[in-house]
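One structure below.
Everything numeric in this text was worked out from a predicted model, so none of it was measured. Read the numbers this way: they start at 1 and go in the same order the structure lists the ligands and their atoms.
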Amino acid sequence: MTSPSTFDINRERMIEEQLVARGITDQRVLEAMRTVPRHLFVEDAIQAHAYGDFPLPIGSGQTISQPYIVALMTLALHLTGSEKVLEIGTGSGYHAAILSRLCQKVYTVERLDALVSRARKVFDRLRYYNIVSRIDDGTVGWPSEAPFDGIIVTAGGPRIPEPLIAQLAEPGRLVMPVGGQDVQELQVVDKRDGGITVTTIEQVRFVDLIGAHGWSN
Ligand code: SAH
């Protein structure tokens, strides 16, 4: 048996101090966050800080969310293991990796080529084969693979893109930061019985969702 690395120890502390201590008790979500090596999704120079209670830079002016926010958004999807999930904003690939441990297949879309290329290498290294990715404007969704049981948008926009609501299965759940370019609220859309309900869970700060149904460049 090999002894735990500093990364393993820091990851376990992250679970206890940032997630459990703040009331996250869902065992499947906690287990996914215990399993995925967050430090592999950031540059070597900042790996030592990978398990801190804050967002991290991932290049191209983008950031990977604080672990607590990743957990909160994931929880909002109520995943049981059988779902198809669409993520807009692959970034480092960390959140897609978490989702891939909790559903059947993840479809992730990113507009910046450099980020997708790097994320794909990490998925391969970890053998997370149930993640497919593409380079595109994710605000139009992924029509050929719709509908999705869950949709998660990890960049902030002025409103929920209409194509994403259309590509949400019924029943289905969508989570996205909605608001201004400095601060947003996390909104959860629950689509069922021919209607949708929207609830708000937390104030957050995300980078811009840029695209046809987001902010203009
Ligand atoms: N989920 C990521 C964090 C992403 S940061 C992670 O776990 O690391 C938000 C990302 O959304 C950025 O990489 C940004 O380039 C991307 N993005 C912004 N607008 C987009 C759009 N219209 N379509 C796809 N990706 C977009």
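Under 3.5 Å, the side chains of Q66 and D53 contain a donor-acceptor pair of N or O atoms.
Listed by chain and residue number, the protein contacts of ligand 1 are Q62, T63, I64, E87, I88, G89, T90, G91, S92, G93, Y94, H95, V109, E110, R111, L112, L115, D136, D137, G138, T139, T154, A155, V207, D208, L209, I210 (heavy atom within 4.0 angstrom).
By the 30° and 60° cut-offs, the orientation of the rings of F54 relative to H49 is tilted.
Partners of S65 under the side-chain hydrogen bond (donor to acceptor under 3.5 Å, both in side chains) rule, at least two apart in sequence or in another chain, do not exist in this structure.
Under the side chain to side chain contact (heavy atoms under 4.5 Å, CB included) rule, T74 has a single partner from L99, D26, I24, which is L99.
Both the sub-6.0 Å distance and the 45° axial angle are satisfied by R22 relative to the ring of Y68.
Look at D190 and R173 and you find a salt bridge, because one of the NZ, NE, NH1 or NH2 atoms lies within 4.0 Å of a carboxylate O, short of that distance.
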